[in-house]
J.: 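Here it is, the structure, as structure tokens.
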Amino acid sequence: MSTAHAWFVAGTDTEIGKTFATCALIHAARARHLRAIGMKPVAAGADWMDGELINEDAARLRAAGSFDPGIALLNPICLQAPIAPHIAAAEEGRSIDTRLIRTAFDMLATQADCLFVEGVGGFRVPLGDDYDTADLARDLDLPVILVVGLRLGCINHALLTAEAISARGLRLAGWIGNQVDPAMLRVEQNIDALRSRLNAPLLGVLPRVTDGNPATVANRLTLPVIQ
Ligand SMILES: Nc1ncnc2c1ncn2[C@@H]1O[C@H](COP(=O)(O)OP(=O)(O)OP(=O)(O)O)[C@@H](O)[C@H]1O
Ligand SMILES: C[C@H](N)[C@H](N)CCCCCC(=O)O
Ligand SMILES: [Mg+2]
């Protein structure tokens, strides 16, 4: 049974456009006639909708995908408070079950050509006492796509994250610059600084779009080389 080409989508911080960029990647893959979906293994921040606890990222990933795999597989761990997930889990009296994540991932991987797995927050977010999102990316053995929120300070965040990715023995497959701050000064020079220091291809730069629709900028992206 064929399994999907899968990547872990990490970000330089929370709220810097991981979901936006992941949706754009999904649309870019679909434009190449690939069956593409996203996964949000762990989400923090959700509301009850029609009897289901729905996280906004998971809903956006579901809407972007070639098909709906069902929210239970797309987002196996959904925590209600919009806070650090290990704190939200403790407050709910539960642990974050990594076996459930693995099972959901393995099932999704049989259903698509491309699977983009979005982290939560930055690259090293605790998921328990001695486990974090970097460990999850390593356990899933995925190459990493780094979304850099282009704002002052992003060079440091991006280079530190690249070091952490390498320290986990993971491959940085590419990076995306996302223009979260329209007032950022010297954007091109910052992108050049990252190009010369990140040992991975720039997959594209996503402009800030007024309607927030990632499909309109998917054509700015190239997909990482499938190895
Ligand atoms: N290039 C862009 N153009 C327009 N809106 C954007 C862009 N990038 C991000 N946004 C918006 O900024 C907000 C934060 O982006 P997003 O939800 O993708 O961040 P995130 O890194 O996935 O956050 P989290 O860590 O919570 O998962 C969202 O409302 C998103 O739609
Ligand atoms: C709620 C927020 N939007 C994210 N989903 C969770 C971000 C966790 C960040 C943890 C930390 O690094 O301090
Ligand atoms: Mg997100």
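Predicted model only: the values in this text are computed from it and were never measured. One-based numbering, in listed order, for ligands and for the atoms of each.
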J.: Taking NZ, NE, NH1 and NH2 as the nitrogens, is one of them in Asp132 or Arg168 under 4.0 Å from a carboxylate oxygen of the other?
T.: yes
J.: Pick whichever of Ala21, Gly17, Pro82 has a heavy atom sitting closest to atom 19 (O) of ligand 1.
T.: Gly17
J.: Between Thr12 and Val148, is there a donor-acceptor pair closer than 3.5 Å when you use the side chain of the first and the backbone of the second?
T.: no
J.: Give the numbers and elements of all ligand 1 atoms closer than 4.0 Å to a heavy atom of Thr14.
T.: 24 (P), 25 (O), 26 (O)
J.: Check the hydrophobic clustering (I, L, V, M, F, W, Y; side-chain heavy atoms under 4.5 Å; chains of links allowed) and say if Ile191 and Leu152 are grouped together.
T.: no
J.: Within Thr19, is some N, O or S atom less than 2.8 Å away from the Mg ion (ligand 3)?
T.: yes
J.: Can you tell me which residue and heavy atom of the protein come closest to atom 18 (O) of ligand 1, and the distance to 0.1 Å?
T.: Phe20 N, 2.9 Å
J.: How many angstroms lie between atom NZ of Lys18 and atom SG of Cys23, to the nearest 0.5 angstrom?
T.: 12.0 Å
J.: Hey, can you tell me if Phe8 and Phe123 have their rings parallel, tilted or perpendicular (30° and 60° cut-offs)?
T.: perpendicular
J.: Which of the N/O/S atoms in Asp57 sits closest to the Mg ion (ligand 3)?
T.: OD2
J.: Among protein heavy atoms, which sits nearest to atom 27 (O) of ligand 1, and what does the distance come to when rounded to 0.1 Å?
T.: Asp57 OD2, 2.8 Å
J.: According to a 4.5 Å side-chain heavy-atom criterion applied to Ile, Leu, Val, Met, Phe, Trp and Tyr, with indirect links allowed, do Leu108 and Val117 form part of one hydrophobic cluster?
T.: yes
J.: State if Glu15 counts as touching ligand 2 under the rule of any non-hydrogen atom under 4.0 Å.
T.: yes
J.: I'd like to know if Gly121 contacts ligand 1, where contact means a heavy-atom distance under 4.0 Å to any ligand atom.
T.: yes
J.: May I ask you to check whether Val209 has an N/O atom sitting below 3.5 Å from an N/O atom of ligand 1?
T.: yes
J.: Can you pull out the closest protein heavy atom to atom 23 (O) of ligand 1? Residue, atom name and distance to 0.1 Å, please.
T.: Glu15 N, 3.0 Å
J.: Do me a favour and list the nearest non-hydrogen protein atom to atom 31 (O) of ligand 1 with residue, atom name and distance?
T.: Arg60 NH2, 3.4 Å
J.: Salt bridge check, Asp13 against Arg151: does any charged N sit closer than 4.0 Å to a carboxylate O?
T.: yes
J.: Pick one: which of Asn75, Thr19, Thr22 meets side-chain hydrogen bond (donor to acceptor under 3.5 Å, both in side chains) with Asp57?
T.: Thr19
J.: How long is the gap from CG on Leu160 to CZ on Arg124, to the nearest 0.5 Å?
T.: 11.5 Å
J.: Is it the side chain (CB and beyond), the backbone, both or neither of Asn178 that lies under 4.0 Å from ligand 1, heavy atoms counted?
T.: side chain
J.: How far is atom 12 (O) of ligand 1 from its nearest protein heavy atom, and which residue and atom name does that atom have?
T.: Arg208 NH2, 4.3 Å
J.: Where the side chain of Asn178 meets the backbone of Ile16, is there a donor-acceptor pair that is under 3.5 Å apart?
T.: yes
J.: Could you see which bit of Val120 sits under 4.0 Å from ligand 2, with heavy atoms only: side chain, backbone, both or neither?
T.: side chain
J.: If you scan the protein for heavy atoms around atom 11 (C) of ligand 2, do you find one that is closer than 4.0 Å?
T.: no
J.: Right, does atom 29 (O) of ligand 1 have protein non-hydrogen atoms nearer than 4.0 Å?
T.: no
J.: Looking at atom 2 (C) of ligand 2, what's its closest protein heavy atom, distance included?
T.: Thr14 OG1, 3.6 Å
J.: Determine whether any protein heavy atom is located less than 4.0 Å from atom 5 (N) of ligand 2.
T.: yes
J.: Nearest to atom 9 (C) of ligand 2, what protein heavy atom do you find, and at what distance?
T.: Val125 CG2, 4.3 Å
J.: I need the atoms of ligand 1 closer than 4.0 Å to a non-hydrogen atom of Lys18, numbered in the order shown.
T.: 18 (O), 19 (O), 20 (P), 21 (O), 22 (O), 23 (O), 24 (P), 25 (O), 27 (O)
J.: With atoms numbered from 1 as shown, which atoms in ligand 1 lie under 4.0 angstrom from a non-hydrogen atom of Glu118?
T.: 22 (O), 27 (O)
J.: Answer yes or no: is there a donor N or O on one side and an acceptor on the other, between the side chain of Lys40 and the main chain of Gly119, under 3.5 Å?
T.: yes
J.: Checking Arg35 side chain against Gln111 main chain: does a donor-acceptor pair fall under 3.5 Å?
T.: yes
J.: For a side-chain contact (heavy atoms from CB on, under 4.5 Å) with Leu221, tell me which candidate from Ile176, Ile145, Leu202 qualifies.
T.: Ile176
J.: Looking only at heavy atoms, is any part of Val147 under 4.0 Å from ligand 1, and if so is it the side chain, the backbone, or both, or is it neither?
T.: neither
J.: Of all the heavy atoms in Ala44, does at least one lie under 4.0 Å from an atom in ligand 2?
T.: yes
J.: Between Arg32 (side chain only) and Ala28 (backbone N and O only), is there a donor and an acceptor less than 3.5 Å apart?
T.: yes
J.: So, Thr133 side chain and Val125 main chain: donor-acceptor pair closer than 3.5 Å or not?
T.: yes
J.: List ligand 1 atoms under 4.0 Å from Pro207, heavy atoms only on the residue side.
T.: 1 (N), 2 (C), 3 (N)
J.: Below 4.0 angstrom from a heavy atom of Lys40, which ligand 1 atoms are there? Numbered from 1 as shown, please.
T.: 27 (O)
J.: Strictly under 4.0 Å, does any heavy atom of Val120 approach an atom of ligand 1?
T.: no
J.: Mind checking whether Trp175 and Leu194 have side chains closer than 4.5 Å, heavy atoms only?
T.: yes
J.: Looking only at N, O or S atoms, find the one in Glu118 nearest to the Mg ion (ligand 3) and name it.
T.: OE2
